[in-house]
Amino acid sequence: MSSLVTCIVLLVLFPVFLFAQGEMRPFSFTFNRTEVIILISLVAVVVILLFSIWLLHRIENIKRIADRRNAVGRSGYSKYLQQLDTHQLGRLIAIVRERHKKHTASGDDSLRKATLVLLLSSLSLMSWAQPAGNGQGESLLGQAGIIITIVLLLIPILVGFVIMVGKASRVLKRYRKKMDMAEADELAAYLREVDSEAAERELVERKKALDFKLTNNELSGSEKPTDHLGVIRLRESSGLPFVAVKKKAQPRPNIDPQLTKLIVWYLIAATFWLLFGTTVGQYLGIKFVAPDADQVSWLSFGRLRPVHTNAVFWGWASLAMIGLGYYVVPRVSNVAIASLKMGWYSFYLINAAVILGSLSLMAGINNGGGEYREYIWPIMLLFGIGLVLTLINYLKTVARRKTHEIYISNWYIISAVIFALVISIVAYIPWWQNGLGETIVQGYYMHQGVGMWFMLFMLGVVYYFLPQQLNRPIYSYSLGILAFWTQILFYTLIGTHHFVFSAIPWWLQTVAIVGSMGMVIPVAAGTANFLLTFKGGWYKIKDSYTLPFFLIGIIFYFTGSLQGTAEAFRYTNLLWHFTDFTVAHSHLTMYGIISFFLWAAIYALVPRLTGREAPQSTVGAHFWMALIGLMFYTVPLMYGSTLKGLMWMDGKPFIESVTFMMPYWLWRAIGGSLMWLSHLFFAYNMYRMLSVDRETLDIRETAIQHAKQD
């Protein structure tokens, strides 16, 4: 797997080395023909190498399995007995009992019984002992016909190689299935020996152990507490306090298959918009170092940039959040979702808005200069209706809750949907959209969209999934409520810190700066709450592929949010604003916080819905490529933008600052490429978690079926 990742990274970085050979300034999108041939040949070699590594890995894996099975022999069948679930044990017990009725005991049989009793007893002990858990050549190569011929020769070679690998893969699959079937037959023959009364008793005892469940009141009992002396203060009803009261864990109901289907489709659509939006962003990053890459109006930077931002905002993050909300809201309310049909209507409306919005932006139809509100109002209206339906659905679900108190996740999630509707109405109603009012409204909308829609919603999701993954309650509900109300108080004031030294009133600029300082309170409270929830459970990170995503999201929540506070001060605003520093900051927050939290929750939820987990190697590749890519993207941009701002303050010519930024934009393209590749891994992981492998043979199930037929 490491070889595969290394090859992919080298393939991505090779064009960078070609760019770096020349001067770091904008250039037309042309290549030396020899370089073209080298690049094409390299791509072909890398493709063949990747397929060869993959095929070799498959062969070695099958050989390793066969060697292990031959070495273990029949003694290895005990592991299958140890892995039987309670339903399979019940069926095996029935087979044993039926066979026991038909056969009489013999000396040979007695020996078999004694051996089997000892085997099953050792299995019982084993289960207790296990822990839980070159120039003539140039004259030819410079001819276009030679290049075309080489390309045309490479195409059938590559196609033939791919077909050969595909056929070899199918042969290996058939061979692996044949091996599994043979082992299943041998296991079935092994199970035929299970016919003694003592063996039956061992199986029954093992089934009882698997079926055992705690009643959750072993220590407390079922009697109502009394205290005649008044020493203990008893509270019969928690009411609706300002600070939520901790509650005991509720038994988790079964997940409705129809709700599972709704949530899965939200996450599938979100994954598509993540790939689409970041592919557009990847192309935009390339245009910084190759601005003449195309001459198509639909692909101009000014049109594609809002396509990128809106697709990842309203397509990726919003759909993923709402889909997760359809799981969290009913779970913590201990009731079913109010209306599945309303959830589907919202799904269709939001996807229609992003599709129509992307097409209209590429066609040059937009809302003017409003950042993040480039969609025209009829298109954004579809999104708004989808939010209204979502809000009604969530509210009805909470109103039917079976618990008296409202869990903190629902406080955050429902408030986020309400704020999203409010800021959209404020941004699109034209009554105050003139002169400076347009500027003030833009600052309000742009920042509230990030902080009171994405951030507020995702914090609610984290308050559910982080304790669930750590298997411990949130450290403090009081800190959570403090962070909730102080975020509402301060975040709604800070939008105009984007327009410091502008013509808007000085006092309004000051209010925004003070509000930005106030954001230290909710950020510090939330970060402390999350990190203290890890107390006593830090060791779990090494065994989890969801907790690292949560931890990185928490770290960026603290650093990225407080970086926004630092940017609000007047000197730093003068230094950094209108440079690429704000681009780096937005990616630290929307990517480092929101996306990492989303991935953590998705990796935690989808296996619970489908029963299938993603390969841990590709989850690790996703994590590290996303994190390293984000660092390669943001750190050079922040450093270069600081120097760029100093150049502006020194009165240097603007074009000088543009040429100065070329190396940093190159790093931006490198980091963006790694981030984009990580999304391909994420999409693959989603596929693995949602797909059903119908060719994999369940050896245990097949063996029991064969034993039953016998």
Side-chain angles (χ1 to χ4, degrees), residues 301-303 305-306 309-310 313 361 366-377 380 419-420 422-453 455 487-520 561-586 589-590 637-638 641-658 661:
F301 186 91
R303 295 189 185 183
R305 197 265 179 178
T309 56
N310 286 274
F313 271 37
L361 290 177
N366 56 66
N367 194 43
E371 190 173 18
Y372 306 151
R373 54 173 176 154
E374 292 90 351
Y375 288 173
I376 58 177
W377 73 263
M380 201 62 184
F419 270 102
V422 171
I423 64 178
S424 298
I425 293 172
V426 170
Y428 278 87
I429 289 182
W431 298 340
W432 44 71
Q433 307 278 346
N434 295 314
L436 290 178
E438 169 77 10
T439 302
I440 296 171
V441 168
Q442 171 59 29
Y444 172 81
Y445 168 83
M446 175 175 55
H447 228 100
Q448 304 315 299
V450 174
M452 303 307 291
W453 167 232
M455 194 69 72
Q487 178 152 343
I488 291 176
L489 173 62
F490 292 114
Y491 213 107
T492 51
L493 303 175
I494 69 177
T496 49
H497 76 205
H498 285 272
F499 304 103
V500 176
F501 301 113
S502 70
I504 66 174
W506 190 261
W507 67 265
L508 188 57
Q509 301 175 33
T510 304
V511 167
I513 297 172
V514 172
S516 301
M517 275 297 299
M519 279 302 297
V520 173
S561 299
L562 294 189
Q563 184 193 71
T565 297
E567 286 183 75
F569 298 140
R570 286 191 168 91
Y571 178 82
T572 51
N573 197 287
L574 182 64
L575 173 65
W576 286 333
H577 211 257
F578 302 115
T579 71
D580 294 90
F581 199 101
T582 56
V583 177
H585 171 66
S586 64
T589 53
M590 281 301 299
L637 278 187
M638 289 188 288
S641 297
T642 302
L643 300 179
K644 181 180 182 179
L646 292 173
M647 293 173 68
W648 288 356
M649 295 171 71
D650 290 341
K652 297 291 180 65
F654 177 78
I655 192 62
E656 186 176 329
S657 67
V658 175
M661 285 298 294

Identify the heavy atoms of [X] and [Y] that sit nearest to each other, and give their distance.
X	Y	answer
Leu637	Ala584	CB-CB, 4.0 Å
Trp648	His577	CZ3-O, 4.0 Å
Asn367	Ile376	N-CG2, 4.1 Å
Ile513	Ala568	CG1-O, 3.4 Å
Leu575	Thr579	O-CG2, 3.9 Å
Gln448	Gly495	NE2-N, 4.4 Å

(message) With a 3.5 Å distance limit and no angle check, can you tell me whether Ser516 reaches the backbone of Thr565 through a side-chain donor-acceptor pair?
(response) no
(message) Using only atom types and a distance under 3.5 Å, with no angle test, would you say the side chain of Ser586 pairs donor to acceptor with the backbone of Val583?
(response) yes
(request) Would you please classify the geometry between the His447 ring and the His497 ring as parallel, tilted or perpendicular, with 30° and 60° separating the classes? (result) perpendicular
(request) On the 0 to 90° scale, with breaks at 30° and 60°, tag the Phe581-Trp576 ring pair as parallel, tilted or perpendicular. (result) parallel
Output the distance between atom [atom1] ([X]) and atom [atom2] ([Y]), rounded to the nearest 0.5 Å.
X	Y	atom1	atom2	value
Glu374	Met380	CD	CE	10.0 Å
Phe499	Asn573	CZ	CG	10.5 Å
Ser502	Ile440	OG	CD1	8.0 Å
Asp650	Ser657	CG	OG	12.0 Å
Lys644	Glu656	NZ	CD	12.0 Å

(message) Counting only heavy atoms from other residues, nucleotides and ligands, does the tally under 6.0 Å from CE of Met517 exceed 12?
(response) no
For residues [X] and [Y], determine if any side-chain heavy atom of one lies less than 4.5 Å from a side-chain heavy atom of the other.
X	Y	value
His498	Gln442	no
Phe419	Ile488	yes
Leu493	Val514	no
Val426	Tyr445	no
Leu574	Val500	no
Val658	Ile655	yes

(request) Return yes if a side-chain donor-acceptor contact under 3.5 Å exists between Gln509 and Arg570, otherwise no. (result) no
(request) Using distance alone, with no hydrogens and no angle criterion, decide if Glu567 and His585 have a side-chain donor and acceptor under 3.5 Å apart. (result) yes
(message) Applying ring-ring contact (aromatic ring centres under 6.0 Å, His included) to Phe313 and Tyr372, what does each step give before you reach the verdict?
(response) CA-CA 8 Å; Phe313 271 37; Tyr372 306 151; 4.7 Å; yes
(request) Start with the C-alpha gap between Glu371 and Arg305, add the side-chain angles, then the distance that decides, and say whether salt bridge (Lys or Arg N to Asp or Glu O under 4.0 Å) holds. (result) CA-CA 10 Å; Glu371 190 173 18; Arg305 197 265 179 178; 2.9 Å; yes
(request) Determine, step by step, whether Met446 and Arg373 satisfy the side-chain contact (heavy atoms from CB on, under 4.5 Å) criterion, reporting the C-alpha distance in whole Å, the side-chain angles of both residues, the deciding distance to 0.1 Å, and the verdict. (result) CA-CA 8 Å; Met446 175 175 55; Arg373 54 173 176 154; over 6 Å; no
(message) Could you walk me through whether Ile423 and Met452 satisfy the side-chain contact (heavy atoms from CB on, under 4.5 Å) test, starting with their C-alpha distance in whole Å, then the side-chain angles of each, then the deciding distance to 0.1 Å, before giving a yes or no?
(response) CA-CA 9 Å; Ile423 64 178; Met452 303 307 291; 5.6 Å; no
